[in-house]
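Working notes, structure below.
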Amino acid sequence: MQELNHKKIESKWQKYWEEHETFKTDVWDFSKPKYYVLDMFPYPSGVGLHAGHVSGYTATDIISRMKRMQGFNVLHPMGYDSFGLPAEQYAVTTGNHPDGFTKKNVEYFTQQLKSLGFDYDWSKKILTSDPKFYKWTQWIFKQLYLDGYAKYVDMPVNWCEELGTVLSNDEVIDGKSERGGYPVVRKNMKQLCIDQVAFAEKLLEGLDHLDWPESTKEIQRNWIGKSIGAHVTFKVADFDEEFVVFTTRCDTLFGATYCVLSPEHKLVDKITSEDKKQEVADYKKICASKSDLERTELNHEKTGVFIGAYAINPVNNNKIPIYISDYVLASYGTGAIMAVPAHDTRDYEFATKFNIPIIQVLEEETGIKQENETKKESIVAIIYNKNSNKYLTLNWKQMGGRLFIGGTKNNNESSLECALREIKEETGYINVKFIKELPRINHHYYAKNKNIYFNTDATPLYFELIDEKQVKQNLDADESFEIEWVDAQIIEQEVVDELHKKSYEYTLNSGAMIGDGIHINSEFLNGLNKKDAINKMLEYLEQNNIGQKHVNYKFREWIFARQRYWGEPVPIVHMEDNTDYVLEDIELPLVLPKLEDYQAHNGKAPLENATEWKNYVSKDGKKGIRETSTMPGSAGSSWYYFRYIDPNNDNMFCDPKLAKHWLPVDLYLGGPEHAVGHLIYSRIWNRYLYDKGLSFVKEPFKKLVHQGMILGENGIKMGKRYPEYAVDPKDICEKYGADTLRLYEMFMGPIEASKPWSSKGVDAARKFIERVWRFFTNKENISNSEVKQLDKIYNTTVKKVTNDFESLNFNTAISQMMIFVNECYKIGTCSLEYAQGFIKMISCIIPHTAEEIWQILGHNETIAYESWPSYDESKMVDENVNIAISVNGKLRNTIKVPLNSEKSYVEKLALTDQKVSKHLENKEIVKIIFVPNKIINIVVR
RNA sequence: GCCUGUGUGGCGGAAUUGGUAGACGCGCUGGACUCAAAAUCCAGUGAUAGCAAUAUCGUGUGGGUUCGACUCCCACCACAGGCACCA
């Protein structure tokens with residue numbers, strides 16, 4: 001028997017596959033069902049593959065190998081997302097064109113991927129920075145532009161005057177540029193954008209049908225941020241002006257007591273009163289110098305300025321003040337809101353700070369509504385003692401349990417007066433400090449002592465105790481309770497009355513009532529719940545022409561231009577006559593010119609320096625300047641999955657017949673970090689092409705799986721911080737072989753989980769491969785006749801491995817294969833048939849070793865196209881089966897009985913079993929539960 | 001704060017239409033082989049008590065449903081990821 005020499009074997013088979021073009025896919029062969037399995041293509045950095053790449057690529061490799069053996073025509077391609085920052089940096093620092101740098105890295109990457117034995121069809125390799133590829137990136141962009149989805153839009157950006165450039169949010173710190181510390185302001189500028197909002201609804205709808213991780217779908221939904229509401233128009237008092245607000249709660253319009261415009265709102269300057277001009281200008285200045293990040297900072301106390309103008313509430317014609325505040329974002333909705341402090345936490349905060357009236361228009365309802373109720377108004381007073389951290393309660397014992405102070409209002413008495421009176425009468429405390437009034441509650445209850453059903457409008461009030469001073473109580477005859485100070489825990493456990501419980505809950509929240517309830521103070525909405533009231537109000541708004549239903553998205557324009565060199569040139573020319581000209585198809589690709597200086601100076605795009613290149617003269621002699629921004633990194637990756645199918649087509653981005661056959665991608669694997677970037681952009685581009693009839697699927701990626709991170713042996717992310725714990729796949733490959741690395745990474749745990757590296761685990765993987773090698777290359781172990789003892793384990797293994805591979809549970813598939821090998825060792829022999837079946841399965845994970853064993857077993861051809869093993873269910877069941885006997889759910893013994901034994905038979909054995917019967921002594925058997933072939937449970941008393 | 005996910009031996013991790021918790025691997029212990037070691041093969045290995053048979057406990061915490069709960073329900077805690085004044 002020969003030694004397992006991984007270096008020899010691996011290079012031998014890699015050479016074989018390459019020479020025989022084993023994995024070349026004939027995309028025009030439609031005779032077999034297709035299977036398209038795709039990895040997120042890497043950025044070809046100089047450092048090469050890391051351990052995380054290997055786990056993802058091995059997973060798709062296993063699937064593609066299995067599918068091929070199952071008779072699918074498999075497409076498993078690889079390429080490089082080769083435009084982008086590191087190559088740009090290289091150009092800037094060395095002054096060399098990034099092309100060579102990229103080519104070198106691509107070569108290094110490809111060689112590494114080949115050394116891992118992945119079954120990529122390298123004839124389909126693509127590079128996004130290759131003019132042959134980006135010709136079509138430009139072409140698709142052109143279609144987007146011609147169809148109006150790509151356009152120049154005026155939008156607010158972070159502008160730094162000194163640097164002369166636009167900065168992204170994370171490049172701005174404390175209102176100053178990260179580099180240089182120059183002031184940054186928000187400014188409107190023309191930007192080349194793609195209107196992704198136009199696809200929002202289709203993107204949301206598409207998510208429902210995708211086999212993707214729920215978390216990723218949720219991230220995309222949040223990102224799109226759909227909210228259904230209404231636009232409502234407010235007129236400005238004393239001006240011939242109006243503004244529109246977006247609200248999801250138009251049912252609360254009667255409670256709108258002020259409006260807020262974002263400081264950037266275009267109406268602000270027009271309607272600000274003379275005496276407020278200075279204050280408003282100052283406030284606007286402060287806001288402009290803040291970045292988005294700062295503006296949305298946590299625990300940021302509300303600020304704002306009254307601008308001296310009033311709006312007219314369109315439903316009741318009330319004059320309400322207009323403020324500006326940075327809690328209203330210019331970029332969301334209409335940049336203006338109606339504020340309903342009673343039912344919105346932020347508005348409540350603002351209103352209490354600026355002493356703006358709060359009108360409650362929704363009341364929660366507690367208790368059960370009855371016929372013939374007596375209406376009344378009442379209060380609930382909650383008193384908190386700061387010093388003891390306790391609340392004052394009245395313990396009514398059998399008469400009603402633990403309550404706060406409650407009482408009915410007298411005529412013309414305010415809630416506060418009533419509360420103070422009741423506190424004094426019932427408890428004798430006189431020095432309490434009023435903190436706040438909480439939302440009113442509509443409560444139904446039955447008063448036993450009076451035999452009356454009441455419906456009370458109850459106002460909870462919150463007080464703090466100033467001192468312990470008490471006067472004599474003044475109780476009615478039917479009032480009998482103990483006064484007790486208790487802590488929050490007791491309140492939560494013992495205050496069960498719905499009204500009092502709810503009142504207490506309100507003390508814990510902000511003063512705004514967000515929940516559902518019935519409308520009050522709202523004229524035609526009174527008595528309706530939230531949903532009905534929204535519908536009725538929408539009807540009213542539309543009838544009276546003051547608003548209409550509106551759907552709003554957080555999703556914004558996708559800025560599609562960067563002031564960088566190493567990206568696709570935008571095929572647009574700004575002509576002398578101020579028109580924009582899009583290049584003809586024949587003028588594509590618009591090739592990126594070489595430059596002497598690749599740096600962006602003063603925020604100007606490097607291509608500004610390409611003087612010759614950027615000056616454009618059309619056939620008929622018209623002059624213009626080319627767009628000098630380049631496309632963002634995500635452009636090429638938004639459609640590359642098309643190009644793999646037809647990489648050399650010069651007439652089209654992809655032949656429609658091929659696109660129709662091969663898409664969607666059946667399995668897409670890559671890191672979760674692309675959840676909202678690449679994975680949304682790809683869906684948008686595909687959806688656009690679908691609507692245009694150029695793609696034939698609504699969604700490009702049918703099933704998506706994210707591979708988890710491989711952590712260092714210390715459980716921390718590999719990287720610069722702990723270089724001693726970083727693992728380079730190259731070293732493992734060298735020392736243990738690619739097969740060991742592949743097997744180990746698949747055995748570590750579930751593919752989606754992040755898991756720590758273990759060098760012991762690598763040893764174990766190598767050990768298992770050697771164990772397989774030793775057994776199956778030893779001719780004495782392989783029998784030409786059947787080995788019946790292996791029937792059950794073999795068939796079970798084939799079934800489990802097949803299913804586990806299919807669902808990407810590679811760790812459990814491997815463990816099952818280990819069980820099979822253990823069994824082979826135990827028995828000492830294995831039939832040729834089973835040995836071959838086993839080697840076929842494991843060849844997906846350790847292809848080099850498996851090919852070699854396959855050859856030793858007597859084959860001349862590659863194992864890659866052998867048919868996948870099948871299994872026989874009937875051979876998977878034993879004649880006998882173990883049944884667990886439990887007494888009151890506790891396991892007492894297991895017995896072996898014939899398969900499908902009757903209950904009566906098992907019951908008799910169970911009851912007379914020695915180990916079991918002693919647990920039955922002196923007990924009465926209540927019942928016996930029997931699950932065939934599994935368990936029998938005897939219930940005793 | 002909100003959304004999503006996770007929580008099981010010394011470690012990586014199995015097991016969910018509710019039915020023998022801890023598969024498989026690592027580590028550890030013992031045995032065989034060997035002059036010896038490595039490698040290999042075999043056996044054992046959740047905790048506590050006990051010589052043992054065995055008993056009790058045990059899937060983040062506390063309750064609940066059930067003959068029976070890692071699995072279902074309620075509340076809470078911890079960690080990870082995402083969003084965050086989105087009207």
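Chain naming here is simple, since letters A, B, ... match the order of the sequence lines and numbering starts at 1 in each.
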What's the gap between [N] and [M] when it is taken at their [atom1] atoms, as a whole Å value?
N: B:rU17; M: B:rC26; atom1: C1'; result: 34 Å
N: B:rC85; M: B:rA78; atom1: P; result: 24 Å
N: B:rU29; M: B:rG10; atom1: C1'; result: 14 Å
N: B:rC51; M: B:rC70; atom1: C1'; result: 35 Å
N: B:rA69; M: B:rG64; atom1: C1'; result: 11 Å
N: B:rC67; M: B:rC77; atom1: P; result: 32 Å

Within the 4.0 Å heavy-atom criterion, would you say [X] contacts the bases, only the backbone, or no part of the nucleic acid?
X: A:K915; value: sugar-phosphate
X: A:H919; value: sugar-phosphate
X: A:R892; value: sugar-phosphate
X: A:K554; value: base
X: A:R221; value: nothing
X: A:E214; value: nothing
X: A:N822; value: sugar-phosphate
X: A:I337; value: base
X: A:I819; value: sugar-phosphate

By nearest atom, which of the nucleotides [options] is closest to the [X] side chain?
X: A:K826; options: B:rC67, B:rA43, B:rU20; value: B:rA43
X: A:N222; options: B:rU40, B:rC3, B:rU20; value: B:rC3
X: A:D326; options: B:rC67, B:rC41, B:rC85; value: B:rC85
X: A:K934; options: B:rC85, B:rG19, B:rC67; value: B:rG19

Its glycosidic angle compared against 90° from 0, B:rG9 adopts the form syn

So which protein nitrogen or oxygen atoms get under 3.5 Å of nucleotides 11-15 of chain B's nitrogens or oxygens?
{"unit_1": "B:rG12", "atom_1": "O2'", "unit_2": "A:M748", "atom_2": "O", "d": "2.7"}
{"unit_1": "B:rG13", "atom_1": "O3'", "unit_2": "A:N811", "atom_2": "ND2", "d": "3.4"}
{"unit_1": "B:rA14", "atom_1": "OP1", "unit_2": "A:N811", "atom_2": "ND2", "d": "3.1"}

Length of the line joining [X]:[atom1] and [N]:[atom2], which is rounded to integer Å:
X: A:R766; N: B:rA39; atom1: CZ; atom2: P; result: 14 Å
X: A:W773; N: B:rU40; atom1: CH2; atom2: C1'; result: 17 Å
X: A:E752; N: B:rU4; atom1: CD; atom2: C1'; result: 15 Å
X: A:D763; N: B:rA39; atom1: CG; atom2: P; result: 10 Å
X: A:L261; N: B:rA87; atom1: CG; atom2: P; result: 18 Å
X: A:M818; N: B:rG25; atom1: CE; atom2: C1'; result: 6 Å
X: A:R771; N: B:rC26; atom1: CZ; atom2: C1'; result: 15 Å
X: A:F775; N: B:rC42; atom1: CZ; atom2: C1'; result: 16 Å

The residue, A:A765 or A:T248, whose nearest nucleotide of RNA chain B is more 5′ is A:A765

query: Within a radius of less than 6.0 Å around NZ of A:K549, do more than 12 heavy atoms belonging to other residues, nucleotides or ligands occur?
result: no

*Counting only heavy atoms not in A:E902, do more than 12 fall under 6.0 Å of its CD?*
no

Look up atom [atom1] in [X] and atom [atom2] in [Y], then write down how far apart they are to the nearest 0.5 Å.
X: A:S262; Y: A:K284; atom1: OG; atom2: NZ; answer: 9.0 Å
X: A:D208; Y: A:K217; atom1: CG; atom2: NZ; answer: 6.5 Å
X: A:Q816; Y: A:K799; atom1: CD; atom2: NZ; answer: 11.5 Å
X: A:F776; Y: A:R771; atom1: CZ; atom2: CZ; answer: 10.5 Å
X: A:T303; Y: A:D326; atom1: OG1; atom2: CG; answer: 4.0 Å
X: A:I680; Y: A:S634; atom1: CD1; atom2: OG; answer: 11.5 Å

Check: A:N937 side chain, B:rC67 base, donor-acceptor under 3.5 Å = yes

Looking only at heavy atoms, the pair that brings A:E557 and A:Q196 closest together is C-NE2, 4.0 Å

Query raised in the report: So, are A:E770 and A:R766 salt-bridged, with charged N and O less than 4.0 Å apart?
Result: yes

Verdict with supporting geometry, A:E823 and A:K792, salt bridge (Lys or Arg N to Asp or Glu O under 4.0 Å):
CA-CA 11 Å; A:E823 199 65 20; A:K792 184 184 176 190; over 6 Å; no

Please write out each protein N/O paired with an N/O of nucleotides 72-79 of chain B under 3.5 Å, distance rounded to 0.1 Å.
none

Margin query: Between A:K890 and B:rC67, is there a contact of a side-chain N or O with OP1 or OP2 at under 4.0 Å?
Written below: no

Taking only N and O in the side chain of A:K767, is any of them less than 4.0 Å away from OP1 or OP2 of B:rC26?
yes

- Item | A:D347/A:Y327 under side-chain hydrogen bond (donor to acceptor under 3.5 Å, both in side chains): CA gap, chis, key distance, verdict | CA-CA 9 Å; A:D347 297 345; A:Y327 87 89; 2.7 Å; yes

Listing for RNA chain B: consecutive Watson-Crick or G-U pair runs of at least 3, distance cutoff 3.5 Å, ranges ordered by first number, gives B:1-7 with B:77-83, B:10-12 with B:24-26, B:27-32 with B:40-45, B:46-49 with B:54-57, B:60-64 with B:72-76

